[in-house]
Colleague: 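Provided herewith is a single structure, encoded as C-alpha cells, for subsequent inquiry.
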Amino acid sequence: MTLGEFLWDRFGRLVLLFVTGAGSVLFLYVTGTQSGILTILGLVWAILFLAVQAADFLKSRGRLQELEAILEGLDQKHLFAECLPRPESVREREFFGLMRRAGKGAIEAVSDARAAQREYREYIESWVHEIKTPITAAQLICRSADGALRRKLITELSQIENHVERALFYARAESPEQDFLIRRSPLDVIVTEAIEQHRSLLIQSGVRIETHDLEHTVYTDGKWTCFLLGQLLQNAVRYRSREPVIVLAAKSLGRQVQLTVSDNGLGIPAQELPRIFDRGFTGSNGRARGGSTGMGLYLCRKLAAPLEIRLEAQSSEGQGTVMTLTFPAREALP
C-alpha cells in the first residue's frame, strides 16, 4: 500500500477532520481568542494530526506486509484463511471470520475436485486395462486374414492402442510423482522399444528409420520416455514426405545427454512453431491432413516436465522438423 492509496482510502475522514479543525479555529477567532494562541493551537493540532495519520499508515502497511508474507509462504494458497494471525480489532475479527468461511468453502471445493480427479484417473486406468483385452483378441483374429488386409487391420489396431495409451498417460500426467521412477536407463534400449511398438505403423507408412550413437546412459523413467518418443514418431509419420526418413541420434553434452528425432517431412510454418506445444493446437498441417487432436505434443511437454527433460523443436517448412530431448545430469535430479 502506497501513501497515495492510504490518503485516498481515508479521503472523506481527512476532509472531515480538516473542516472540523478549521471550524474550531474560526470559532475561537470570532469569540476573541488572541492570534498567537490560535497559531499555537493550530500548530499543535497539525502536529498531532500528522503524527496520528503517519502512525496509522505505518501500522496498516506493516499489517498488510505481514499478511502478504504469510500468503507468499504458503504452497497451497487456498489455506490462507486458516493461517491468519490474531485479529487486532473488531473490524479485523469480523473480516477474518468472513475470510475463514470463504476459505473453508474453497478447501471443500478443492477436496471434491481432487477426489473427482482421483476417481477419473482410476476409471481411465481400469478402462485402459479392460479395452486392451478386445484389442489383443482382434490382433489375434487378424492373423487368419489375408496378407494385405492383415497388415492394414494390425496397423489400425496399433493406432487404437496408441490412442488408448495416450489417454492413460494423460490421466497419469495430473499426478506424475505417483507413477514414474527415475533410474539409470540405456538410451538405445528405450529407443528400440519405442520403434518396436510402432513398427507396424512405420512399415505401413514406408518410413525408413536411422539410428546413430545411441550407446548412452540416461537418468529417466524408461516407460514414460518410451511413450514420449512414440508420440514424436507418430507425429513424424503423420506429417511425412514422399520418401520419409526419421533419424534418431544422441550425443553427450558434458553430464547431460541430448537425443534428436529428425524427419524430412512437411515441417512447421515459422509463425506456428511457438504454439505447437499448446493444448489443442493443430496448425495448418493438422487441419489440412485431418484427424489431428493437438494433444500429442502438448502431452509430450507435460510429461517431459516432471522428468526434467528439456523438449525443444526446430523446423523449416517443407524441409522437416527436429525435436530435441535433453536428459538431465544425475546431480540435477532430486
Side-chain angles (χ1 to χ4, degrees), residues 128-129 131-145 147-170 172 179-241 243-251 257-265 295-297 299-300 303-304 307 309 311 320-325 327:
V128 167
H129 290 301
I131 203 67
K132 282 186 175 181
T133 300
I135 291 175
T136 303
Q139 289 173 336
L140 293 174
I141 294 172
C142 286
R143 294 182 180 179
S144 60
L149 178 60
R150 181 176 66 250
R151 287 192 295 273
K152 291 181 180 180
L153 287 174
I154 289 177
T155 299
E156 294 303 321
L157 287 171
S158 297
Q159 285 290 81
I160 294 174
E161 194 168 19
N162 290 333
H163 287 304
V164 169
E165 285 292 317
R166 183 181 297 174
L168 175 62
F169 275 91
Y170 184 82
R172 288 177 173 173
D179 188 63
F180 73 83
L181 176 64
I182 303 294
R183 58 185 177 183
R184 271 187 77 162
S185 303
L187 182 59
D188 55 344
V189 172
I190 296 175
V191 171
T192 300
E193 184 177 352
I195 294 173
E196 186 62 32
Q197 289 180 1
H198 296 80
R199 180 174 297 277
S200 299
L201 176 64
L202 294 169
I203 294 175
Q204 186 73 19
S205 304
V207 177
R208 178 163 57 90
I209 296 289
E210 296 182 6
T211 59
H212 303 288
D213 303 323
L214 298 179
E215 293 78 18
H216 295 273
T217 298
V218 294
Y219 292 90
T220 188
D221 182 287
K223 181 178 64 175
W224 281 49
T225 304
C226 182
F227 173 81
L228 196 155
L229 288 176
Q231 297 302 300
L232 299 182
L233 291 175
Q234 289 181 54
N235 257 30
V237 170
R238 178 183 293 275
Y239 305 113
R240 63 187 180 275
S241 60
E243 297 181 357
V245 179
I246 300 176
V247 180
L248 296 99
K251 64 180 180 180
V257 174
Q258 190 175 82
L259 173 67
T260 56
V261 182
S262 312
D263 65 66
N264 61 344
M295 296 298 293
L297 290 180
L299 189 53
C300 286
L303 295 180
L307 296 175
I309 295 175
L311 179 60
T321 302
V322 179
M323 306 297 294
T324 304
L325 296 84
F327 293 88

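When a residue number appears, it is its place in the shown sequence, counting from 1.
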Colleague: Determine yes or no for a side-chain-to-main-chain donor-acceptor pair under 3.5 angstrom, with D221 supplying the side chain and L181 the backbone.
Modeller: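 At least one qualifying donor-acceptor pair exists.
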
Colleague: Indicate yes or no: at least one non-hydrogen side-chain atom of I246 is less than 4.5 angstrom from one of E210.
Modeller: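 No, their side chains stay 4.5 Å or more apart.
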
Colleague: Carefully, step by step, assess L232 and D263 under the rule side-chain contact (heavy atoms from CB on, under 4.5 Å).
Modeller: CA-CA 10 Å; L232 299 182; D263 65 66; over 6 Å; no

Colleague: Any chance you could lay out the side-chain contact (heavy atoms from CB on, under 4.5 Å) test for I182 and L307, step after step, and finish with the verdict?
Modeller: CA-CA 8 Å; I182 303 294; L307 296 175; 3.8 Å; yes

Colleague: State the CD-CD1 distance between E193 and I190, to the nearest 0.5 angstrom.
Modeller: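 The CD1 atom of I190 is 8.0 Å from CD of E193, to the nearest 0.5 Å.
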
Colleague: Where the side chain of D188 meets the backbone of H216, is there a donor-acceptor pair that is under 3.5 Å apart?
Modeller: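 No; judged by distance alone, with no hydrogens or angles, the pair does not exist.
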
Colleague: Within a strict 4.5 Å, meaning less than it, do heavy atoms of the T321 and Y239 side chains meet?
Modeller: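 Sidechains of Y239 and T321: no contact.
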
Colleague: Does the pair V247 and H212 meet the rule for a side-chain contact (heavy atoms from CB on, under 4.5 Å), with working shown?
Modeller: CA-CA 8 Å; V247 180; H212 303 288; 3.5 Å; yes

Colleague: To the nearest 0.5 Å, what is the distance between CD on Q197 and CD on Q234?
Modeller: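 It is 10.0 Å, given to the nearest 0.5 Å.
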
Colleague: Going by heavy atoms in the side chains, are V257 and Y219 under 4.5 Å from each other?
Modeller: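 When only atoms from C-beta onward are counted, Y219 and V257 do not touch, as no gap falls below 4.5 Å.
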
Colleague: Are any side-chain N or O atoms of R240 and backbone N or O atoms of V237, one a donor and one an acceptor, separated by less than 3.5 Å?
Modeller: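 Judged by distance alone, yes, a pair lies under 3.5 Å.
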
Colleague: Say you draw a straight line from SG of C300 to CE of M323; how long is it, rounded to the nearest 0.5 Å?
Modeller: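 With rounding to 0.5 Å, SG (C300) is 7.0 Å from CE (M323).
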
Colleague: Which atom pair, heavy atoms only, marks the closest approach of L233 to A194?
Modeller: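 The pair with the smallest heavy-atom distance is CD1-O, 3.9 Å.
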
Colleague: What distance separates Q231 CD from L299 CG, expressed to the nearest 0.5 Å?
Modeller: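 Taking CD in Q231 and CG in L299, the distance rounds to 6.0 Å.
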
Colleague: Are T260 and L248 close enough that some pair of their side-chain heavy atoms sits under 4.5 Å apart?
Modeller: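 Sidechains of L248 and T260: no contact.
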
Colleague: Could you check whether any side-chain heavy atom of V322 comes within less than 4.5 Å of a side-chain heavy atom of V261, counting everything from C-beta outward?
Modeller: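 A side-chain contact is absent here, since even the closest heavy-atom pair is not under 4.5 Å.
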
Colleague: Could you check whether T220 and T225, counting side-chain N and O atoms only, form a donor-acceptor pair closer than 3.5 Å?
Modeller: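 Side chains of T225 and T220: pair found under 3.5 Å.
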
Colleague: Check whether any side-chain heavy atom of L259 lies under 4.5 Å from a side-chain heavy atom of V191, and answer yes or no.
Modeller: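 Yes; the side chains approach each other to less than 4.5 Å.
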
Colleague: Check the pair L202, R208 against side-chain contact (heavy atoms from CB on, under 4.5 Å), reporting the backbone distance first and the verdict last.
Modeller: CA-CA 8 Å; L202 294 169; R208 178 163 57 90; over 6 Å; no

Colleague: For P244, does its backbone N or O pair with a side-chain atom of N264 as donor and acceptor, under 3.5 Å?
Modeller: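 Side chain of N264 to backbone of P244: no pair is present.
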
Colleague: What is the distance from atom CH2 of W224 to atom OG of S185, rounded to the nearest 0.5 Å?
Modeller: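 Answer rounded to 0.5 Å: 14.0 Å.
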
Colleague: If we only count heavy atoms from C-beta on, is the L325 to L229 side-chain gap below 4.5 Å?
Modeller: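 SC-SC contact between L325 and L229 confirmed.
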
Colleague: Are the side chains of T324 and L311 in touch, meaning some heavy atoms are under 4.5 Å apart?
Modeller: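 No; the side chains remain at least 4.5 Å from each other.
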
Colleague: Rounded to the nearest 0.5 Å, what separates atom CD1 in I209 from atom NE2 in H198?
Modeller: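 The CD1 atom of I209 sits 10.5 Å away from the NE2 atom of H198.
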
